[in-house]
Student: 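Structure provided below as structure tokens; questions to follow.
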Number of protein chains: 2
Amino acid sequence: MPKLDASLIAGLPPFEGLEKDELEQVLAPARSLRFEREKPIFEQEAEAHFFFVLLDGHVRVVRTTPEGQQVIVRYISEGEVFGIATALGRTAYPATAIAAVDCVVLAWPSALWPELSTRFPALGANTYRTVGSRLQEAHTRVIEMSTEQVEQRVAHALLRLVRQTGRKTGEGIEIDFPITRQDIAEMTGATLHTVSRLMSAWEGEGIVKSGRKRVTISDPHRLMLKAESREQR
Amino acid sequence: MPKLDASLIAGLPPFEGLEKDELEQVLAPARSLRFEREKPIFEQEAEAHFFFVLLDGHVRVVRTTPEGQQVIVRYISEGEVFGIATALGRTAYPATAIAAVDCVVLAWPSALWPELSTRFPALGANTYRTVGSRLQEAHTRVIEMSTEQVEQRVAHALLRLVRQTGRKTGEGIEIDFPITRQDIAEMTGATLHTVSRLMSAWEGEGIVKSGRKRVTISDPHRLMLKAESREQR
DNA sequence: CGAGAAATTGAAAAGATTCAACTCTCGTGG
DNA sequence: CCACGAGAGTTGAATCTTTTCAATTTCTCG
């Protein structure tokens, strides 16, 4: 096993506030893993033997209902921790994580969490801060689903994706990984048909440009207007 | 200030695993407060100066959108921690907490969290376990809102309330605090009209019994059937 | 180049909301 | 102690958003 270098993780949010030698100590028990596009990194209900930091790529976190319906919980971007069930006192992963593109991750054995988070309090604090924002995000989503129409929800979802993973191109900001209408539907609680109709309409208005598994926002400002307008109920 | 007794909190989930003398140390910096029905305990956006444990009563946690729409995030029951923004690295409360009935709470200054959670690791672990289940719960709610119809969502919400706060009566299990159709609507992302129609129908079928601000489930089993049936999309 | 996945689009149907009017209940103050 | 008024709940009818069903087209990758 090649020794991992502290520069790999220096500057990533979870490790903010750690010294170089601390980074090395944190890194020592970690292993680096690669996952091909569409391969699962861990499965819902499986025992949470590891927790992860995403070094490169994008990960889709999906929860499946007993009836087999899927909902996309979130996308993980570079530098984020995920699979941290153990930090929240759970022994099993509550969702499945799938590499949306080819990915490189660091994995730590869950059993080390108590020791690591005590020895490096900043690591614990950073992680729990992340948990806090995810909890808020989840509530925000509940609120959106309660109070907004599909059009607003889809607009908000696209804007969030663009903010997290947008990549500038000549025609606007492109979402950095393959994403289907079905995926967007699973993020917003809509059907792929409705999403498709919306995107077609927006394409006509020159707000987005999209093709097979690709979405580019050409006019984020006007998309924001779509996201804000008509909040009632 | 009267000295608080360890027996007040012994056996409550957040303090599981602490010895009697540890309980006393934890309790020392806490103060006990009373809130009348419908009085706010803390307000959304306000600085999170305290975190709380509910000793008696029920608390409604509400988030308000910039447009003024309200959504009920959850109800807190006896023995639960709440207002723990500080444990998640936030300086402001993300929601408003309102006493649903007359309440007694313990309050600790947020500034003590780092010290308390380090000195009493069990306290930290218990709290983060709670956070973990709330995160899961929030995701469950997102999933319900994505995949279920209003009827299933309302049934699920009632069942959850009954499980958390149910009190056996002659006619079934009653929800232990005043709750309006509007409240149920704000928990499920429906309108009070739809909720009212559903409850009327269920009352006709002998599944629930309800009056002004009161709901009793007379036949939980048949309500479960309503909650489960017809999951599609 | 061919095949399967992804996307589009029309038409019909359904669920839930909106609008509106009305009733009931309970607490309060004269 | 009773009447009154506001908050809570009910219910019909019309409307609308979104889904469902179905058929077709487009894309891309092996």
Side-chain angles (χ1 to χ4, degrees), chain A residues 36-38 60 69-72 100-102 144-155 157-158 175 177-205 208-216 226 229-233, chain B residues 36-38 60 69-72 100-102 144-155 157-158 175 177-205 208-216 226 229-233:
Chain A
E36 278 173 43
R37 184 158 177 264
E38 295 302 312
R60 171 163 30 98
Q69 298 162 108
Q70 294 201 336
V71 172
I72 297 183
V101 295
D102 291 350
E144 284 183 5
M145 308 221 32
S146 304
T147 62
E148 295 178 357
Q149 322 238 130
V150 171
E151 179 171 40
Q152 280 72 52
R153 300 208 302 270
V154 172
L158 290 183
I175 292 170
F177 49 83
I179 186 167
T180 65
R181 304 288 182 266
Q182 176 69 41
D183 290 332
I184 298 172
E186 285 180 12
M187 298 179 67
T188 53
T191 58
L192 78 165
H193 305 281
T194 304
V195 172
S196 178
R197 280 181 238 273
L198 283 170
M199 305 272 291
S200 297
W202 290 343
E203 184 127 19
E205 297 179 51
V208 307
K209 244 180 102 45
S210 72
R212 193 189 170 88
K213 294 195 180 184
R214 271 190 31 257
V215 178
T216 304
K226 298 276 180 197
S229 63
R230 199 136 49 97
E231 329 256 319
Q232 51 211 13
R233 163 108 49 112
Chain B
E36 278 173 43
R37 185 157 176 263
E38 295 302 314
R60 173 164 26 99
Q69 300 161 106
Q70 294 201 337
V71 173
I72 297 184
V101 295
D102 290 351
E144 284 183 5
M145 309 229 15
S146 304
T147 63
E148 295 179 358
Q149 321 240 131
V150 170
E151 179 171 38
Q152 280 72 53
R153 300 208 301 269
V154 173
L158 290 183
I175 293 171
F177 49 83
I179 186 167
T180 65
R181 305 286 183 268
Q182 176 68 44
D183 290 333
I184 298 173
E186 286 180 12
M187 299 179 66
T188 53
T191 59
L192 78 166
H193 306 281
T194 304
V195 172
S196 178
R197 280 181 238 273
L198 283 170
M199 304 271 290
S200 297
W202 290 343
E203 184 128 21
E205 297 178 51
V208 308
K209 244 179 103 46
S210 73
R212 193 187 169 86
K213 295 195 181 187
R214 272 189 31 259
V215 178
T216 304
K226 298 276 180 198
S229 62
R230 202 137 45 100
E231 330 256 320
Q232 51 211 14
R233 162 111 49 116

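Convention: sequence-line order gives letters A, B, ...; per-chain numbering from 1.
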Student: Need to verify one output field. Residue with the more 5' nearest nucleotide on DNA chain D, A:Arg214 or B:Ser210?
Tutor: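 Nearer the 5' end of the strand: B:Ser210.
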Student: Tell me, do A:Leu158 and A:Met199 make a side-chain contact under 4.5 Å, heavy atoms counted?
Tutor: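 Yes. Closest side-chain heavy atoms under 4.5 Å.
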Student: May I ask you to say whether A:Arg60 pairs ionically with A:Glu186, meaning some side-chain N is under 4.0 Å from a carboxylate O?
Tutor: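 Between A:Glu186 and A:Arg60 there is no salt bridge, as every charged N stays at least 4.0 Å from the carboxylate O atoms.
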Student: CD of B:Glu186 versus C1' of C:dT17: gap in Å, rounded?
Tutor: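 B:Glu186 atom CD is separated from C:dT17 atom C1' by 16 Å.
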Student: For B:Arg212 and A:Ile179, find the nucleotide of DNA chain C closest to each by heavy atoms; which residue's nucleotide sits nearer the 5' end?
Tutor: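 Here A:Ile179 is the residue nearer the 5' end.
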Student: To the nearest Å, give me how far apart NZ (B:Lys213) and C1' (C:dT25) are.
Tutor: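 After rounding, the reported distance stands at 11 Å.
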Student: Considering just the side-chain nitrogens and oxygens of B:Ser200, establish if one lies under 4.0 Å of OP1 or OP2 belonging to D:dG9.
Tutor: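 No.
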Student: Quick one: does any side-chain atom of B:Arg153 pair with a main-chain N or O of B:Thr188 as donor and acceptor, under 3.5 Å?
Tutor: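 Such a contact is found between B:Arg153 side chain and B:Thr188 backbone.
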Student: Base, sugar-phosphate alone, or nothing: which one does B:Thr194 contact when heavy atoms must sit under 4.0 Å apart?
Tutor: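 Answer is base: heavy atoms of B:Thr194 come under 4.0 Å of a base.
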Student: B:Gln182 has an atom CD; how far is it from atom P of D:dT10, in whole Å?
Tutor: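 Between P of D:dT10 and CD of B:Gln182: 13 Å.
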Student: Just to confirm, is there a sub-4.0 Å distance from OP1 or OP2 of D:dA8 to any side-chain nitrogen or oxygen of B:Ser196?
Tutor: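 Looking at the OP1 and OP2 atoms of D:dA8, neither is under 4.0 Å from any side-chain N or O of B:Ser196.
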Student: For B:Arg181, which contact category applies under a 4.0 Å heavy-atom criterion: base, sugar-phosphate, or nothing?
Tutor: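 Sugar-phosphate: the residue B:Arg181, judged by heavy atoms under 4.0 Å, touches backbone atoms but no base.
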Student: Can you tell me if B:Gln149 touches the phosphate of C:dA16, counting only side-chain N or O atoms and a distance under 4.0 Å to OP1 or OP2?
Tutor: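 For C:dA16, OP1/OP2 do have a side-chain N/O of B:Gln149 under 4.0 Å.
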Student: Is the base of C:dG15 touched by the side chain of B:Arg197 through a donor-acceptor pair closer than 3.5 angstrom?
Tutor: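 Result: no qualifying N/O pair found.
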Student: Mapping B:Met199 and A:Arg153 onto DNA chain D by nearest heavy atom, which one lands closer to the 5' end?
Tutor: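 Whichever sits nearer the 5' end wins; that is B:Met199.
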Student: Does B:His193 contact C:dT18 through a side-chain donor or acceptor facing the base, at a distance under 3.5 Å?
Tutor: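 No.
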Student: Do A:Gln182 and A:Ile72 pass the side chain to side chain contact (heavy atoms under 4.5 Å, CB included) test, and can you show the C-alpha distance, the side-chain angles, and the key distance before you say yes or no?
Tutor: CA-CA 10 Å; A:Gln182 176 69 41; A:Ile72 297 183; over 6 Å; no
Student: For the pair made of CD in B:Glu38 and C1' in D:dA6, what is the distance, rounded to whole Å?
Tutor: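 The answer, rounded to whole Å, is 16 Å.
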